[in-house]
Amino acid sequence: MTENKEVPARTTGEEGKKSLNFIESIIEEDLKNNKNNGVVLTRFPPEPNGYLHIGHAKSICLNFGLAQRYNGKTNLRFDDTNPEKEEVEYVDSIMEDVRWLGFQWEGEPRYASDYFQQLYDWAVNIIKNGYAYVDDQPAELISQQRGTPTQAGIESPYRNRSVEENLDLFIRMKNGEFKEGEKVLRAKIGMTSPNMHMRDPIMYRILKREHHRTGNNWCIYPMYDFAHGQSDYIEGITHSVCTLEFEVHRPLYEWYLENVYTEGDIKPRQIEFARLNLSYTIMSKRKLLELVQKNIVNGWDDPRMPTISGLRRRGFTSASIRKFADTIGVAKRDNVIDVAVLEHSLREDLNQTAARVMAVLNPLKIVITNYPEDKDEWVKIENNPEDETMGTREMPFSREIYIEQDDFMEDAPKKFFRLSPGNEVRLKAAYIIKCEEVIKNTDGNITELRCTYDPDSRSGSGTEASQRKVKGTLHWVSAKHAIDVEVRLYDRLFNDEAPDGHKEKDYKEFINPESLKILKNCKVEPSLKDAQAESKYQFQRLGYFCVDKKDSKPGNLVFNRTVPLKDSWGKMNK
RNA sequence: UGUCCGAUGGUGUAAUUGGCAACACGUCUGAUUUUGGUUCAGAAGAGUCCAGGUUCGAGCCCUGGUCGGACAGCCA
């Protein structure tokens with residue numbers, strides 16, 4: 001794939017001044033003040049409990065892009081503090097997706113679980129300093145005592161145990177002497193804070209689960225708040241960029257940091273931005289998992305999924321996703337991006353890079369009655385009018401061809417520029433033909449067209465007839481040379497702009513029943529015989545398609561429709 | 001009757017010491033075109049949530065509202 005590390009500079013106004021997003025402004029300010037000695041180290045910190053989606057792609061492009069822009073580095077760190085939900089399958093897929101997007105993290109991937117010992121030692125220290133205690137109460141009670149956003153909580157009866165007792169209990173928690181849920185370690189901050197997260201938050205819970213990396217070494221696991229900021233600190237992250245819902249966690253992030261911080265170290269700063277929402281899809285990992293588990297889609301990489309692996313299989317290029325991330329910008333207000341923006345960056349890229357090819361999805365046979373029965377000829381056609389360096393190829397032409405059923409109408413309206421009885425049309429790169437006769441079966445359905453061709457009109461021959469202007473140009477494929485392939489037409493997975501935005505309705509009610517249409521017996525030109533998995537083409541006049549990497553086999557090709565071409569004719573008829 | 005955050009065309013994002021609201025997507029014209037694609041030319045569409053205030057001048061500053069979002073997992 002293309003190594004495109006360049007982030008095009010955003011510009012505004014005629015002078016082409018670069019405009020910064022608010023995070024870039026913060027970093028430039030820090031750089032100006034020589035904070036962190038000019039170092040910029042960001043991190044992308046996924047939890048390996050699902051596949052990455054386009055929303056993560058925004059975050060990846062942001063974090064890695066910031067580092068590239070300011071001469072920094074980016075760590076990949078798995079936030080794996082909950083063995084109940086996390087699996088190596090997810091770890092592997094995440095690494096693959098980040099690499100595919102074109103980014104390389106600094107050094108080896110990191111894991112929060114690598115820091116369990118350090119985290120434990122810090123917890124012991126915090127206990128010794130009198131700022132943490134072991135609570136024996138069950139979860140429900142702790143929850144009740146936490147109060148509500150508008151009402152202060154009350155203190156746990158175990159809150160004032162001695163340091164010695166807390167230490168003893170915590171060590172025994174670690175040693176597995178207690179059952180799950182029997183005890184937790186809590187930070188001793190206060191129960192009256194207006195910020196719920198500051199009301200003696202839980203630091204450690206007991207989980208007797210095998211962890212995908214540490215196995216059974218631990219039976220106590222740190223909570224997100226205690227693990228995340230400290231991991232940032234250990235790695236020397238300068239700017240810890242996360243989504244808006246962690247904004248209320250920031251005081252706690254800073255509280256923990258103060259309790260472990262050593263003067264002179266880099267002090268990471270948490271900065272929050274608004275997560276991506278895309279119209280006509282969902283971004284919740286939980287719901288995506290549900291679609292997979294209930295077989296509503298065919299796995300995480302189903303081409304209809306907004307996952308990175310799904311988009312990849314659908315035929316998206318990583319460059320188009322990077323471009324998209326750059327286009328939508330970064331800010332703090334909630335947003336819903338129109339999928340049209342994503343599709344636009346895709347088409348923009350594919351238009352430049354995808355080879356043009358002839359394919360007929362719904363074939364209609366044409367017999368050219370005045371063309372010799374035994375003759376074949378090869379016509380020359382350019383591979384990409386946008387890029388001459390992609391060259392030309394030869395395509396066979398013969399007496400019987402297929403055109404698209406949609407390209408013929410028996411009773412054509414005035415604006416129909418395609419084939420109809422008595423009318424002429426250009427076969428791209430070949431001849432002008434005229435429809436002489438419509439053949440129907442006993443049901444009255446059109447089965448075949450009889451046409452004549454103008455032998456002098458061959459494209460590129462330079463004759464007067466070859467220069468004639470006819471209204472329509474059709475794509476076609478020679479019947480006897482065509483290859484039969486399967487084509488999967490994908491459409492949006494949901495019919496509603498905001499499938500999970502309805503309080504009374506489940507998002508699954510909006511699933512588009514026509515999100516996948518499978519066409520067998522499609523006809524493609526013979527040059528596609530050895531098309532490689534994942535290669536991308538423009539099926540002339542139809543859209544961009546790619547060879548499915550899982551189901552396509554030599555001799556039994558399967559193409560996915562990535563995105564149709566813009567269609568002003570189709571739009572006109574709506 | 002809590003804390004924090006946000007509010008700029010239909011949708012996003014800009015406007016960097018306060019200086020006549022810009023860019024992209026989308027929409028609509030027209031031109032070109034052997035892809036009804038691309039490209040090109042152009043248009044419509046906001047007076048910046050509201051009300052006050054400071055100022056010669058406010059999207060930017062101040063005050064007070066309104067609306068929207070996040071937070072009550074031993075999830076992240």
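Protein chains get the first letters and strands the later ones, always in sequence-line order, with residue 1 at the start of each. Quick note: numbers below take in every heavy atom, side chains included, and nothing from hydrogens, waters or symmetry partners.
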Set of residues satisfying side chain to side chain donor-acceptor pair (under 3.5 Å) with respect to A:Arg205, sequence neighbours excluded: none

Distance-only donor-acceptor test, A:His249 side-chain atoms vs B:rA76 base atoms, 3.5 Å: yes

Set of residues satisfying side chain to side chain donor-acceptor pair (under 3.5 Å) with respect to A:Arg209, sequence neighbours excluded: none

Which pairs, protein N/O on one side and nucleotides 28-33 of chain B N/O on the other, fall under 3.5 Å?
from   : atom 1 : to       : atom 2 : distance (Å)
B:rC28 : OP2    : A:Lys571 : NZ     : 3.4

Sequence-distant partners of A:Phe417, ring pair (Phe, Tyr, Trp, His ring centres under 6.0 Å), two or more places apart: none

Candidate nucleotides B:rU38, B:rU35, B:rA14, ranked by approach to the side chain of A:Gln540 - the nearest: B:rU35

Which residue lies more 5' along RNA chain B, comparing A:Lys332 with A:Glu386 via nearest heavy atoms: A:Lys332

Close residues, residues 147-155 of chain A, relative to RNA chain B [heavy-atom separation under 4.0 Å]: A:Gly147, A:Thr148, A:Pro149, A:Thr150

Mutual orientation of the aromatic rings belonging to A:His56 and A:Phe44 [parallel < 30°, tilted 30-60°, perpendicular > 60°]: perpendicular

Side chain of A:Arg333 - closest among B:rU35, B:rA14, B:rA76: B:rA14

Sub-4.0 Å heavy-atom contacts from residues 336-343 of chain A onto RNA chain B, ordered by number: A:Val336, A:Ile337, A:Asp338, A:Ala340, A:Val341

Under 3.5 Å donor-acceptor pair, A:Arg356 side-chain atoms to B:rU35 base atoms: yes

Salt bridge (charged side-chain N to carboxylate O under 4.0 Å, His left out) against A:Glu29, all qualifying residues, sequence neighbours excluded: A:Lys32

Results of side chain to side chain donor-acceptor pair (under 3.5 Å) for A:Ser420 - residues two or more places apart only: A:Asn423

Aro-ring/base stack A:Trp569-B:rG36, d under 5.5 Å, angle under 30°: yes

Paired stretches of RNA chain B - 3 or more consecutive Watson-Crick or G-U pairs, each distance under 3.5 Å: B:2-7 with B:66-71, B:10-13 with B:22-25, B:27-31 with B:39-43, B:49-53 with B:61-65

Partners meeting side chain to side chain donor-acceptor pair (under 3.5 Å) with A:Glu254 (sequence neighbours left out): none

Rounded C1' spacing from B:rG47 to B:rU1 in Å: 37 Å

Set of residues satisfying salt bridge (charged side-chain N to carboxylate O under 4.0 Å, His left out) with respect to A:Arg269, sequence neighbours excluded: none

side-chain contact (heavy atoms from CB on, under 4.5 Å) partners for A:Thr392, two or more places apart: A:Lys380, A:Glu382

Presence of A:Ser193 side-chain N/O under 4.0 Å of B:rU3 phosphate oxygens OP1/OP2: no

